[in-house]
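Every heavy atom of this structure was used, including side-chain atoms; hydrogens, water molecules and symmetry mates were not. Residue numbering restarts at 1 for every chain, and letters A, B, ... go by the order of the sequence lines.
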Amino acid sequence: MDREAGAAAGSPSGTDPQGGSEALRQERLAKRDRLRTRGVDPYPARFDRTATAAELHERHAGLAPDTRTGEIAAVAGRIAAIRGHGQLVFATLQDASGAVQLLVQRTGLADAAAAVVESWDLGDWVGAVGEVVTSRRGELSVEPSEVMMLSKAVRPLPDKWHGLNDPDTRYRQREVDLVANRDTRRVFDIRFAAVAALRRAMEAEGFVEVETPILQPQAGGALARPFFTHANALDIDLSLRIAPELYLKRLVVGGYERVFEIGRNFRNEGVDTRHSPEFTALEAYQAFADFRDGMDLTERLLVAAADAATGRRTFTSGERVVDLTPPWPRVDLLDEVEALVGRRLHPGDPRADVAAVCAELGMEVQPEWGSGKLIFELYDAVLLPHITRPTFVCGFPVEVSPLSRHSADDPAIADRFELVIDGREFVNGYSELNVPEEQEARFRAEIAAAARGDLEAHPGDLAFVRALEYGLPPTSGIGIGIDRLVMLLAEVSSIRDVILFPMLRPEAGPPA
RNA sequence: GCGCCUCUAGCUCAACGGCAGAGCAACGGACUCUUAAUCCGCAGGUUCCGGGUUCGAAUCCCGGGGGGCGCACCA
């Protein structure tokens, strides 16, 4: 099969997978063939490494110049720089741990090894076995008596000094971005350290990690437009999940008292610096707890992630500084709205009154929005963007919280919170609605909204209601947006910078 | 979806209506202590694509494509 054929000709902006630099590629192919002619395999099966670059630096810190340690080490990595000096060649060998210099005395090598060194290009994976020494300038080095080509790179890497800047290429060829740009690796190291820390923290809290369907007959658990696909075997259309929520709660019904899932959700909506069609969320449900416990858990989890991934608790976002030091303030949404508009609004107020307040603030409102939705939109558009420090906003209208338990004091208010940081929603959580007939009634209201044309109304889910009829214990649920968390921790402004392979248009589009 | 910006050598960028260039990488050469090595030499282009204006277009105009940012929608 020829994966590249379809994208060969006329590719835009120099990202042609066939490579526009055929001459450079041919040059390296020729070097590779010369190695084969000499009986050297440019793609051998394995290499016995005995030390990483970091281990050598750790073991031999502070050696005087021109020291011979007597230690023989076998190192492997990518050639990041070559400095030829006639019969003496310096190369910077980069591995996952760092870099170490190779100090190659070509005169001391066998012919075959000398030919291998001769064939080295930037980007090649090589192995070297030799004594650990320091150069006259004091640089820790391996002086190889034996060298191997481990994988010949036949395509040139980007400029070793300026790196790779073109965002298109960085996202399409992330592997090249990772090699060329140190900071890219830093961001993803933070991401994976944060996710690992969240898993550890959840495990320590007694949660079981589970997996629930991504292909679902009916996407639920959030208000969003799904992607659709088709299962040939059953000849049915399926949605990609927009949230794992309903399945996770069914597991709590089944007796898993503390469950969580870290996984991809898919929403067929806008793409911008804050939104990706596929994004990662952590959802967690704990029995016998309410939304206040959810806030406590949220605080512990995010602090654990920040500590493990960065060792810091303050982060900059543009001009702003965000301090994650707990505890975080907990405020009431209706109180905040009152402080903003100068009068107390309530979801039970006549719609016209609330709409008038929104109009005064210059908001565009939809005719089908009720008072609760209007108050929520007011919060979302006017209040939330100005909240910088981590803040739990509590008490959302039931109208916009179809899966949340209502407050004991006020049937129009849900026992729900959002954690807002730097003007963005990071976490959503609530006391889960566990009264089956009430859930069914909420679904009916959503179905009615859908009938009025609301594309994001929550679909009714009879299987979920049936599950509730077997009894969902009192339960607290939270959902954490992992991508946004990583953006904060890594201090980057675009969600694409924290997703390894963000969704892009295909490289070679259909003929115009 | 709308607006603004952007696309030039493998990479990073100049040239902005008048000969398409530099640095790095490559290639040939010198060099046994460099580390963005240095020095000498040499080569490398569908200026994203298609039209148009012009004596002349990388440059101006129109259309298309990719990407970025902002707005809208959303988390």
Side-chain angles (χ1 to χ4, degrees), chain A residues 9-16 19-28 30-31 65-66 80-92 99-108 121-123 133-141 143 153-172 176 180-181 222-225 242-243 265 267-277 279-281 364 366 377 380-381 384 418-420 424-428 455-456 479-485 487 493-496 502 504-512:
Chain A
S11 174
S13 61
T15 57
D16 183 348
S21 60
E22 204 43 35
L24 295 172
R25 193 159 160 271
Q26 288 302 330
E27 194 72 49
R28 289 174 173 231
K31 285 183 184 176
D66 236 349
I82 298 184
R83 299 171 289 281
H85 257 272
Q87 290 309 303
L88 183 64
V89 176
F90 297 98
T92 302
V100 67
Q101 177 168 270
L102 301 182
L103 192 165
V104 185
Q105 310 258 19
R106 292 163 83 176
T107 47
D121 281 308
L122 298 185
V133 303
T134 55
S135 70
R136 270 175 219 166
R137 293 291 177 83
E139 178 80 18
L140 186 71
S141 309
E143 188 181 311
V154 298
R155 249 176 230 282
L157 286 170
D159 190 290
K160 66 184 176 188
W161 187 245
H162 295 100
L164 178 64
N165 258 6
D166 178 25
D168 188 28
T169 311
R170 288 186 51 222
Y171 298 144
R172 283 190 202 283
V176 179
N181 295 322
L223 310 175
R225 303 175 66 175
I242 56 176
N265 296 328
R267 299 190 184 175
N268 208 342
E269 290 165 353
V271 181
D272 60 33
T273 50
R274 290 181 183 71
H275 300 87
S276 168
F279 65 100
T280 302
E364 282 184 34
Q366 302 291 322
E377 289 295 327
D380 214 44
L384 180 145
E418 283 189 358
L419 173 66
V420 179
R424 302 172 192 180
E425 181 194 337
F426 272 64
V427 182
N428 187 11
L455 292 169
E456 293 184 350
I480 302 176
I482 299 295
D483 308 278
R484 288 181 176 181
L485 174 62
M487 288 170 68
S493 58
S494 172
I495 198 169
R496 291 187 196 87
L504 296 174
R505 288 179 199 282
E507 283 188 51

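More than 12 heavy-atom neighbours from other residues, nucleotides or ligands sit within 6.0 angstrom of CZ on A:Arg424.
Judged purely by atom type and a 3.5 angstrom limit, A:Thr92 has no side-chain atom pairing as donor or acceptor with the backbone of A:Gln101. Judged purely by atom type and a 3.5 angstrom limit, A:Ser494 uses its side chain to pair as donor or acceptor with the backbone of A:Arg496. Using a distance-only test at 3.5 Å, with no hydrogens or angles considered, a donor-acceptor pair links the side chain of A:Arg106 to the main chain of A:Gly86. Checked by atom type and distance alone, the side chain of A:Arg267 pairs as donor or acceptor with a backbone atom of A:Ile242 at under 3.5 Å. Put simply, the side chain of A:Asn428 never gets that close to the backbone of A:Glu418: no donor and acceptor are under 3.5 Å apart. Between the side chain of A:Asp121 and the backbone N or O of A:Val154 there is no donor-acceptor pair closer than 3.5 Å.
Residue A:Asp159 has its side chain nearest to B:C11 when only B:C33, B:C11, B:A36 are considered. Listed nucleotides: B:C33, B:G68, B:C11. Nearest to the side chain of A:Leu504: B:G68. Looking at the side chain of A:Asp168, the nearest of the listed nucleotides B:C27, B:A25, B:G66 is B:G66. Nearest to the side-chain atoms of A:Pro156 among the listed nucleotides B:A37, B:G10, B:U12 stands B:G10. Among the nucleotides B:A25, B:G67, B:C13, the one closest to the side chain of A:Asn165 is B:C13. Distance from the side chain of A:Trp161 is smallest for B:A36 among the nucleotides B:C33, B:U12, B:A36. Closest to the side chain of A:His162, out of B:C33, B:U35, B:U12, is B:U12. Taking only side-chain atoms of A:Arg267, from C-beta outward, the nucleotide of B:G66, B:C13, B:A75 with the closest atom is B:A75.
Heavy-atom nearest nucleotides on RNA chain B were determined for A:Asp121 and for A:Leu88, and the one closer to the 5' end corresponds to A:Asp121. When each of A:Gln87 and A:Gly163 is assigned the nucleotide of RNA chain B bearing its nearest heavy atom, the one mapping closer to the 5' terminus is A:Gly163.
Counting non-hydrogen atoms under 4.0 angstrom, A:Glu364 reaches nothing in the nucleic acid. As judged by a 4.0 angstrom heavy-atom cut-off over every strand, A:Leu157 is placed among residues making no nucleic acid contact. A:Leu24 comes within 4.0 angstrom of a base, heavy atoms only. Heavy atoms of A:Gly270 sit under 4.0 angstrom from at least one base atom. Here A:Ser135 lies in heavy-atom contact (under 4.0 Å) with a base. If you check every strand for non-hydrogen atoms under 4.0 Å, A:Thr134 touches nothing. Within the 4.0 angstrom heavy-atom criterion, base atoms lie near A:Phe279. Among the atoms of the strands shown, base atoms are found under 4.0 Å from some heavy atom of A:Gln101. Within the nucleic acid shown, A:Ser494 comes within 4.0 Å of sugar-phosphate atoms alone, with no base atom in reach, counting heavy atoms only. Using a 4.0 Å heavy-atom cutoff across all strands shown, A:Asp66 reaches no nucleic acid atom at all. Here A:Gly479 lies out of heavy-atom contact (under 4.0 Å) with every strand. Among the protein residues, A:Glu27 comes within range of the sugar-phosphate backbone only, with heavy atoms under 4.0 Å from sugar or phosphate atoms but none that close to a base.
Atom name P, nucleotides B:G65 and B:A58: the rounded distance is 23 Å, in whole Å. Across the C1' atoms, B:G1 and B:A14 are found 36 Å apart, a figure rounded to whole Å. Nucleotides B:C40 and B:G23 place their P atoms 11 Å apart, quoted to the nearest Å. Across B:U38 and B:C71, the matching P atoms stand 45 Å from one another, rounded to whole Å. Between the P atoms of B:U12 and B:C7, the separation comes to 12 Å (whole Å). B:U53 and B:C60 have their C1' atoms separated by 8 Å, given to the nearest Å. Going from the C1' atom of B:A26 to that of B:C11 covers 12 Å, rounded to whole Å. Remark: the separation of the C1' atoms in B:A43 and B:U6 is 30 Å, to the nearest Å.
To the nearest angstrom, C1' of B:C31 lies 15 Å from CZ of A:Arg83. Following rounding to the nearest Å, A:Phe90 (CZ) and B:C31 (P) show an atom-to-atom distance of 16 Å. Taking atom CD of residue A:Glu269 and atom P of nucleotide B:G1, one finds them 15 Å apart after rounding to whole Å. Rounded to an integer number of Å, the gap from CZ of A:Arg25 to P of B:A9 is 19 Å. The interatomic distance linking A:Lys31 (NZ) with B:A25 (P) rounds to 12 Å, in whole Å. Atom pair A:Arg136:CZ and B:C33:P shows a separation of 6 Å (rounding to whole Å applied). When the C1' atom of B:A36 is taken as reference, atom CD1 of A:Ile82 falls 14 Å away, rounded to whole Å.
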Dot-bracket summary - RNA chain B, pairs being Watson-Crick or G-U whose distances fall under 3.5 Å, with | when paired to another strand: (((((((..((((....[..))))..((((.......))))......(((((..]....))))))))))))....
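Under 4.0 angstrom from either OP1 or OP2 of B:G67 there lies at least one side-chain N or O belonging to A:Arg505. Dashed line: the shortest gap from a side-chain N or O of A:Arg496 to OP1 or OP2 of B:C69 is under 4.0 Å. Dashed line: the shortest gap from a side-chain N or O of A:Arg172 to OP1 or OP2 of B:G67 is under 4.0 Å. A:Asn428 has no side-chain polar atom (N or O) that falls below the 4.0 Å cut-off from OP1 or OP2 of B:A75. Contact annotation: A:Lys160 does not reach the phosphate of B:U35 (side-chain N/O to OP1 or OP2, under 4.0 Å).
In this model, a side-chain donor or acceptor of A:Asp272 finds a partner on the base of B:C73 within 3.5 Å.
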